[in-house]
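None of the values given here were measured: they were computed from a predicted structure. Each residue takes its place number in the sequence, starting with 1.
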Amino acid sequence: MAGGFPQGGDGGARTADGRGRDGGVRTAHGRDSGGIRTLPFPVGRSVCGVGMQIAPMDPDRTWRADAPLDRVHRIDFHVVMLLDGGPLRHMIDFTEYEATAGDVLWIRPGQVHRFSRDAEYRGTVLTMQPGFLPRATVEATGLYRYDRPPLMRPGPAQLTALRAAAEQLRREYEDTATLPLSLHTAVLRHALTAFLLRLAHLAAGSDRAPRPAEDSAFTLFREAVERDFATNHSVSAYADALGYSRRTLARVVRAATGRTPKAFIDRRVILEAKRLLAHTDLPTARVGAAVGFPDAANFSKFFQQHTDTAPAAFRAEHR
């Protein structure tokens, strides 16, 4: 495959077991989730070991020698690609995105994706570890807004501003001589926030920004669902655990997503079931058990209700 990434780390996929310092939740199936390999953030390859990297994409630099990019995998960190080349096709959670020069691809932690084997990925790539930014910045920049599309097409003025912000961030990232590490890291966080705020504005378009209190409440709910969806499908249980009434939870989830809390939970369960059916050889019964349905018949009924397709037929369609 032509096109590459900052050189990856050496460690194997690790189990993710909760929230980062920013409130972001590592994938619930952070280990080799039923056969879907999860690649960890390569901390050891970052300049000064900080929780981000930014570099040109280069055909001679690869992610990991033992993990071909054109195979389906997950990551437990953010990847933002600001493209200078193309066209190319990039699969993210069952959608093939067609991108070209000037486009931006944003892949979030836990999403299953695959690079094109023959396409050249040229431009700038930013990778960021959950926990590098504080919660307030996470909410302001929509780091975990999985409802927003990964592909963005900025206009000329927006693209110029994004490239300038990315170049400023790269200069700060590479400048390790003029500041002590603590200040270098603080400056990086500010420069990264400026870049991500521009990106968030592009992703949100003209959407009305949610009120901070609602956004915080939804963030807590989203984190809880991401952590527990495989064992807990009850809206009441989430509301009780978070200290909200069902009515309050319904209001904030609908404001953030346009869906009910139950629909939000079910959507997350279905996505994980689709990932496991399409990208692993787990028997259907084990896929059901992995997403909270110990009874295979109940899982099949649930899956068909939400997709109009039986699990076996969905698997056959995506093989």
Check whether the ring centres of F132 and F41 lie less than 6.0 Å apart, and answer yes or no.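 No, the ring centres sit 6.0 Å or more apart.
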Verdict with reasoning, L83 to M57, per side chain to side chain contact (heavy atoms under 4.5 Å, CB included): CA-CA 9 Å; L83 298 172; M57 288 183 279; 3.7 Å; yes
Do the side chains of [Y] and [X] get nearer than 4.5 Å, heavy atoms only?
X: I107; Y: M81; answer: yes
X: I54; Y: T124; answer: yes
X: Y144; Y: T219; answer: no
X: T260; Y: V253; answer: no
X: F303; Y: K274; answer: yes
X: L162; Y: L202; answer: yes
X: R251; Y: R247; answer: no

[X] side chain to [Y] backbone, donor-acceptor under 3.5 Å:
X: R315; Y: L277; answer: yes
X: S236; Y: S234; answer: no
X: H233; Y: V291; answer: yes
X: E172; Y: H190; answer: no
X: D281; Y: P283; answer: no
X: D103; Y: T100; answer: yes

Looking at every non-hydrogen atom in both residues, tell me the closest pair between [X] and [Y] and how far apart they are.
X: R275; Y: I36; result: O-CD1, 3.6 Å
X: P154; Y: L159; result: CB-N, 3.8 Å
X: A161; Y: R198; result: CB-NH1, 3.4 Å
X: L242; Y: A224; result: CD2-CB, 4.5 Å
X: V138; Y: L133; result: CG2-O, 3.9 Å
X: P109; Y: Y146; result: O-OH, 2.5 Å

Residues which pass ring-ring contact (aromatic ring centres under 6.0 Å, His included) with F302, listed by chain and number, not counting sequence neighbours: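 Applying ring-ring contact (aromatic ring centres under 6.0 Å, His included) to F302 gives F293, H306.
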Taking ring-ring contact (aromatic ring centres under 6.0 Å, His included) as the definition, give me every residue that meets it alongside Y238, ordered by chain and number, with sequence neighbours left out.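 Per chain and number, Y238 pairs via ring-ring contact (aromatic ring centres under 6.0 Å, His included) with F221.
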Give a yes or no on whether R267 atom CZ has more than 12 heavy-atom contacts from other residues, nucleotides or ligands under 6.0 Å away.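 No.
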Would you say that more than 12 heavy atoms from the other residues, nucleotides or ligands in this model lie under 6.0 Å from the CZ of R286, or not?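 No, CZ of R286 has 12 or fewer neighbouring heavy atoms, counting only those of other groups under 6.0 Å.
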Please give the remaining members of the hydrophobic cluster of L179, linking ILVMFWY side chains under 4.5 Å, ordered by chain and number.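 Once heavy-atom contacts under 4.5 Å are chained together, L179 belongs with L183, V187.
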Among H73, R74, R108, find the residue that satisfies the side chain to side chain donor-acceptor pair (under 3.5 Å) test when tested with H113.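 It is H73; the other options fail the test.
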Spatial distance of atom [atom1] ([X]) from atom [atom2] ([Y]) [nearest 0.5 Å]:
X: F195; Y: R170; atom1: CZ; atom2: CZ; value: 13.0 Å
X: Q129; Y: I75; atom1: CD; atom2: CD1; value: 12.0 Å
X: E223; Y: D228; atom1: CD; atom2: CG; value: 11.0 Å
X: L271; Y: D93; atom1: CG; atom2: CG; value: 4.5 Å
X: R45; Y: T127; atom1: CZ; atom2: OG1; value: 12.5 Å
X: L188; Y: T193; atom1: CG; atom2: OG1; value: 10.5 Å

Pair [X] + [Y], salt bridge at N-O below 4.0 Å:
X: R222; Y: E226; value: no
X: R163; Y: E167; value: no
X: D266; Y: K262; value: yes

Please answer: with hydrophobic residues joined when any side-chain heavy atoms are less than 4.5 Å apart, are V235 and L220 in the same cluster?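 They do share one cluster, since a chain of ILVMFWY contacts under 4.5 Å joins V235 to L220.
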Going hydrophobic residue to hydrophobic residue with side-chain gaps under 4.5 angstrom, can you get from M52 over to L197?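 They do not share one cluster, since no chain of ILVMFWY contacts under 4.5 Å joins M52 to L197.
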Could you go through R135 and E139, starting from their C-alpha distance and side-chain angles, then the distance that decides it, and tell me whether this counts as side chain to side chain contact (heavy atoms under 4.5 Å, CB included)? CA-CA 6 Å; R135 179 184 289 276; E139 294 183 1; 3.7 Å; yes
Set out, in order, the CA-CA distance, both residues' side-chain angles and the distance that settles side chain to side chain contact (heavy atoms under 4.5 Å, CB included) for Y173 and L192, then state yes or no. CA-CA 10 Å; Y173 175 69; L192 177 59; over 6 Å; no
Given H90, which partner from the list Y121, Y97, W106 fulfils the ring pair (Phe, Tyr, Trp, His ring centres under 6.0 Å) test?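 For H90, the ring pair (Phe, Tyr, Trp, His ring centres under 6.0 Å) test succeeds with only one of Y121, Y97, W106, which is Y121.
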Which is it for L196 and M128 under the side chain to side chain contact (heavy atoms under 4.5 Å, CB included) test, yes or no, and what are the steps along the way? CA-CA 11 Å; L196 290 175; M128 184 187 65; 4.1 Å; yes
